[in-house]
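Quick caveat: nothing in here was measured; it's all calculated off a predicted structure. Only heavy atoms go into these numbers, but all of them, side chains included; no hydrogens, no water, no symmetry mates.
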Amino acid sequence: MKAVGLHKYLPIEHEESLIDIEVQKPVPVGKDLLVEIKAISINPVDTKVRSPKDKVEEEAKILGWDASGVVVEAGEECKDFKPGDEVFYAGSITRQGTYSEYHLVDERIAGKKPQSLSHAEAAALPLTAITAYEGLFERLSIDPSNKQQNRGKSILIIGGAGGVGSIAIQLANWAGFTVIATASRAETEEWVKNYGADQVINHHNPIKDELNRIDMKEVDYIFCLNNTDQHWEGMSEVIKPQGMICSIVENKDPLDLNLLKSKSITFVWEFMFTRAMYQTEDMRKQHLLLNTISELIDQGIIRTTLNQTLSPINAENIKKAHQAVESGKTIGKIVLEHF
């Protein structure tokens, strides 16, 4: 089967950074589904895993952690899906990825594809939707069903125009929150407003000053999707006493937790691969979560964040997508379809 992989971890401009390859079609066993890939999307994690390092893969490493496709075979322990079912998912970072014609995924982390979306539109969603949903409703412990209690509460989403931010804005709106999103360019400001941000501030300026500009002094929750190091002090200044902060971006420098102590602030990480990576007892929650996202999509409550589609799925086009993501200027999601 066709696939795109790598043997060496190189700058994306290098001709061997990603290459077209032929590999054997896998066979599903246990809880695995064999999925015929119809569309994939590119995430920052793709570029981080591919980034230059002193390592050589004897067997080609296949990246990719977002897909929409059709089940063609199911392992003997599968209960939720059967051949012919349409699925979407973000896979596991510990396994071969979705840059391939056929792909194995544990059914416990796959969801029913939204009926109202094309495969390209659906492929834009899984990783970012899982991250946003887990970050808001599990790590920050927000109850989306208690909209009456949530009204009047505020959440600051730092990095609102990216893939996760675009979903998080919609989910926070659905939960009843006043949403302040950050954006630094005219086009990203327009994007986050279009996806439901109530207020927009510039994350290149001090957060405290930007909130004062819109007559706000503090917020109940913060969801940090951009540069934890840069925003750490600013977040500690504007979070309400006993508030909560969640970040998805690893820090490079030590974080001064003492800045949170006097306010009794809770800080928590979100990493959507945790359940699959550690085979946690509640791993199937991602299946249920994606089914919820699918229902919200089909009900018109949230919408896809697809912003650009490339075709076909090959090394040349995936390189273009990686370059765009590495530029730091992408809005929404880039999707590739058709082998």
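- Counting heavy atoms from C-beta outward, H119 and V70 have side chains that approach closer than 4.5 Å.
- By the 4.5 Å heavy-atom criterion applied to side chains, L34 and P26 are counted as neighbours.
- A 4.5 Å side-chain heavy-atom check between Q96 and L104 finds every atom pair outside the cut-off.
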- Item | salt bridge (Lys or Arg N to Asp or Glu O under 4.0 Å) between K285 and E138, intermediate numbers included | CA-CA 11 Å; K285 273 193 174 183; E138 296 186 24; 5.2 Å; no
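- Atom CD of E281 has 12 or fewer heavy atoms from other residues, nucleotides or ligands within 6.0 Å.
- Here the straight-line distance linking atom OG1 of T280 with atom CZ of R108 works out to 8.5 Å at 0.5 Å rounding.
- With hydrogens and angles ignored, the 3.5 Å screen pairs no side-chain donor or acceptor of N150 with any backbone N or O of F177.
- Here the shortest heavy-atom pairing between V105 and G91 reads CG2-CA, 4.3 Å.
- Test I37, N314, I42 against Y99 for side chain to side chain contact (heavy atoms under 4.5 Å, CB included) and you get one pass: I42.
- Ionic pairing of D80 and R284 is present here: one or more N-O contacts between side-chain nitrogen and carboxylate oxygen are shorter than 4.0 angstrom.
- K38 and E86 are not joined by a salt bridge, as no carboxylate oxygen comes within less than 4.0 angstrom of a charged side-chain nitrogen.
- Placement of I109 and Y102 within a single hydrophobic cluster is found when ILVMFWY residues are connected by side-chain heavy-atom separations under 4.5 Å, directly or transitively.
- Listed by first and then second residue, the side chain to side chain donor-acceptor pair (under 3.5 Å) pairs that reach into residues 8-28 are Y9-E57, sequence neighbours excluded.
- In this structure, F273 and W65 have perpendicular ring planes: the angle between them is above 60°, well past the 30° mark.
- A donor and an acceptor atom, one from each side chain of R213 and Q199, are nowhere located under 3.5 Å apart.
- For the side chain to side chain donor-acceptor pair (under 3.5 Å) condition, no pair includes a residue of residues 259-268, sequence neighbours left out.
- Between E270 and C246, the closest heavy-atom pair is CB-SG, 3.7 Å.
- Just one residue in the list L127, N43, I167 forms a side chain to side chain contact (heavy atoms under 4.5 Å, CB included) with K333, and that residue is N43.
- By the 4.5 Å heavy-atom criterion applied to side chains, H103 and R95 are not counted as neighbours.
- In this structure the side chain of L171 never reaches within 4.5 angstrom of the side chain of I142, judged on heavy atoms.
- Clustering of Ile, Leu, Val, Met, Phe, Trp and Tyr side chains at separations under 4.5 Å places I180 together with L156, I158, I201, I207, L211, I214, M216, V219, I222, W232, M235, V238, I239, I245, L255, L257, L259, L260, I265, F267, W269.
- Few gaps surround NZ on K48; more than 12 heavy atoms of other groups in view lie less than 6.0 Å from it.
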What do the steps show when you test F137 against L289 for side chain to side chain contact (heavy atoms under 4.5 Å, CB included), and what is the final call? CA-CA 11 Å; F137 305 139; L289 186 164; over 6 Å; no
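- In this structure, the side chains of L117 and L125 come closer than 4.5 Å at one or more pairs of heavy atoms.
- At distances below 3.5 Å, not a single donor-acceptor pair connects side-chain atoms of D85 with backbone N or O atoms of V71.
- Stacking of R139 on the aromatic ring of F271 is not recorded, the 6.0 Å distance cut-off and the 45° axial limit not both being met.
- Judged by distance alone, the side chain of S311 and the main-chain N or O of E337 form a donor-acceptor pair under 3.5 Å.
- Counting all heavy atoms, side chain and backbone alike, R303 lies closest to Q170 at N-OE1, 2.7 Å.
- The 12-atom threshold is not exceeded at NZ of K112, counting heavy atoms of other residues, nucleotides or ligands nearer than 6.0 Å.
- More than 12 heavy atoms of other residues, nucleotides or ligands shown are found within 6.0 angstrom of NZ on K53.
- Clustering ILVMFWY residues whenever any of their side-chain heavy atoms sit less than 4.5 angstrom apart, transitively, puts Y221 in the very cluster that holds V200.
- Counting heavy-atom neighbours within 6.0 Å of K147 NZ, excluding the residue itself, gives a total above 12.
- Heavy atoms of other residues, nucleotides or ligands lying less than 6.0 angstrom from CD of E76 number more than 12.
- I62 is not connected to L10 by any chain of hydrophobic side-chain contacts under 4.5 Å among Ile, Leu, Val, Met, Phe, Trp and Tyr, and they are in different clusters.
- Taking the side chain as every heavy atom from C-beta outward, I169 and I157 approach each other to under 4.5 Å.
- Here the closest heavy-atom approach between residue L310 and residue I334 is recorded as CD1-CG2, 4.3 Å.
- D298 and Q115 share no donor-acceptor pair across their side chains, judged by distance under 3.5 Å alone.
- Within a 6.0 Å sphere centred on CD of E77, heavy atoms belonging to other residues, nucleotides or ligands number more than 12.
- Counted by atom type alone, D46 and H322 present zero donor-acceptor pairs between their side chains at under 3.5 Å.
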Stepwise, does the side chain to side chain contact (heavy atoms under 4.5 Å, CB included) test hold for I297 with S116? CA-CA 8 Å; I297 289 284; S116 58; 3.7 Å; yes
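- Side-chain atoms of N173 and Y195, non-hydrogen and from C-beta on, never get closer than 4.5 Å to each other.
- In this structure, N205 contributes its side chain and E210 its backbone to no donor-acceptor pair below 3.5 Å.
- Remark: E233 CD is loosely packed, at most 12 non-hydrogen atoms of other residues, nucleotides or ligands lying under 6.0 Å away.
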(Q) Between K240 and D220, does the salt bridge (Lys or Arg N to Asp or Glu O under 4.0 Å) criterion hold? Intermediate values first, please. (A) CA-CA 5 Å; K240 283 185 179 180; D220 296 282; 3.4 Å; yes
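- Checking side-chain atoms of H287 against main-chain N and O of G111 turns up no donor-acceptor pair under 3.5 Å.
- Checking side-chain atoms of E107 against main-chain N and O of K79 turns up a donor-acceptor pair under 3.5 Å.
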